[in-house]
Amino acid sequence: MGLDLIAFIAAILFGILLYWRESKGNGLYRFFNKVFNSKELQMKADNPKGFIYQQSLLLRIVFITTLFLVGVIVVQFLIPIDLQVASLFASGIVGAVLGTYLAHFIIKSGDIIEVKSESLTEMVSETIEKGKDFIEDITDKDNKPEVVEETPKAEPKKQEKSARERLKDKGYM
């Protein structure tokens, strides 16, 4: 279990490295594209697509599985010791695919931050100003002495007879 975890983490890092390397240049993919495709079907010169970079999930899995399969075959011939290759193979493939998507997220978020850095700084400064205004409003309310407006007191009513006296006047009591 420990070796699988180590292989998984190493495969994630390997996937990040593969994706980053292909995002910078795709010479190997261009070479295979020229070998296997006719002149009309070859990719354009400004197309950045690679084996992993800008590929769908299924093609990423196929290319990474092929790469790991070639690697396992080479390791089996070089090291004649029987390793539990199946679990390491599966951990490596899943880790590498996750690593490519993690690298895509990191590269894409870096590009977005570069593009929107000016608007982000403006938004942050506006938010800071609003916060300062809000704090000033709160502190101003706390420091101002409260002015209590006195309501005019009602004029004292004329001495009217009480209810008892009115009943006596009518003769009910």
Side-chain angles (χ1 to χ4, degrees), residues 1-26 29 43-44 46-65 67-68 84 86-173:
M1 183 67 181
L3 190 58
D4 286 339
L5 185 61
I6 292 171
F8 182 72
I9 293 171
I12 289 174
L13 295 174
F14 181 69
I16 291 172
L17 179 70
L18 277 177
Y19 191 87
W20 176 77
R21 179 68 185 103
E22 267 202 357
S23 72
K24 298 297 179 193
N26 58 352
Y29 188 77
M43 61 192 289
K44 304 288 187 239
D46 60 342
N47 190 352
K49 186 180 249 185
F51 287 109
I52 297 168
Y53 187 70
Q54 293 185 347
Q55 288 287 358
S56 64
L57 173 66
L58 186 61
L59 286 176
R60 281 187 195 192
I61 291 174
V62 168
F63 289 133
I64 288 175
T65 303
L67 180 66
F68 272 86
Q84 293 178 345
S87 65
L88 294 176
F89 184 70
S91 296
I93 291 170
V94 171
V97 170
L98 286 176
T100 60
Y101 278 99
L102 181 64
H104 173 74
F105 174 73
I106 292 169
I107 290 173
K108 192 67 143 174
S109 63
D111 292 342
I112 290 172
I113 288 173
E114 285 179 13
V115 169
K116 302 223 176 200
S117 65
E118 292 179 13
S119 64
L120 285 175
T121 55
E122 290 174 9
M123 284 192 323
V124 168
S125 63
E126 287 175 12
T127 305
I128 290 172
E129 291 300 321
K130 288 179 183 177
K132 286 179 182 178
D133 293 341
F134 180 71
I135 290 172
E136 286 177 8
D137 290 344
I138 291 174
T139 55
D140 287 346
K141 287 181 182 177
D142 291 342
N143 292 337
K144 287 183 182 178
E146 292 187 24
V147 177
V148 178
E149 294 182 18
E150 295 183 19
T151 57
K153 294 184 179 180
E155 297 176 6
K157 295 182 180 180
K158 296 179 182 176
Q159 289 290 337
E160 294 183 11
K161 294 181 179 179
S162 65
R164 175 171 287 211
E165 293 174 349
R166 288 192 305 257
L167 288 174
K168 281 183 184 177
D169 289 341
K170 291 184 180 177
Y172 294 121
M173 252 177 116

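Every value quoted in this text rests on a predicted model; they were computed, and no experiment measured them. Index from 1, following the sequence.
- Taken from OG in Ser91 to CG in Leu3, the straight-line distance is 9.0 Å, to the nearest 0.5 Å.
- Atom CG of Leu88 sits about 10.0 Å away from atom CZ of Phe68, to the nearest 0.5 Å.
- When the options Arg164, Arg166, Glu160 are evaluated for a side chain to side chain contact (heavy atoms under 4.5 Å, CB included) with Ser162, the one that passes is Arg164.
- Within the structure, no pair that satisfies the ring pair (Phe, Tyr, Trp, His ring centres under 6.0 Å) test touches residues 120-139, not counting sequence neighbours.
- Annotation: the span from Arg60 atom CZ to Ser56 atom OG amounts to 8.5 Å, rounded to 0.5 Å.
- Taking CD from Gln55 and CD1 from Ile64, the interatomic distance works out to 10.5 Å, rounded to the nearest 0.5 Å.
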Distance-only criterion, 3.5 Å: show the donor-acceptor pairs between side-chain atoms of residues 13-24 and protein atoms not counting sequence neighbours.
from  : atom 1 : to     : atom 2 : distance (Å)
Tyr19 : OH     : His104 : ND1    : 2.7
Glu22 : OE1    : Phe51  : N      : 2.9
Glu22 : OE1    : Ile52  : N      : 2.6
Glu22 : OE1    : Tyr53  : N      : 2.9
Glu22 : OE2    : Phe51  : N      : 2.9
Ser23 : OG     : Trp20  : O      : 2.7

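- Here Lys161 pairs with Asp169 under the salt bridge (Lys or Arg N to Asp or Glu O under 4.0 Å) rule; sequence neighbours left out.
- Between Gly92 and Ala11, the closest heavy-atom pair is O-CB, 3.2 Å.
- Put simply, CG on Asp4 and CD1 on Ile9 are 11.5 Å apart, with the number rounded to the nearest 0.5 Å.
- Rounded to the nearest 0.5 angstrom, Leu98 CG and Thr100 OG1 are separated by 7.5 Å.
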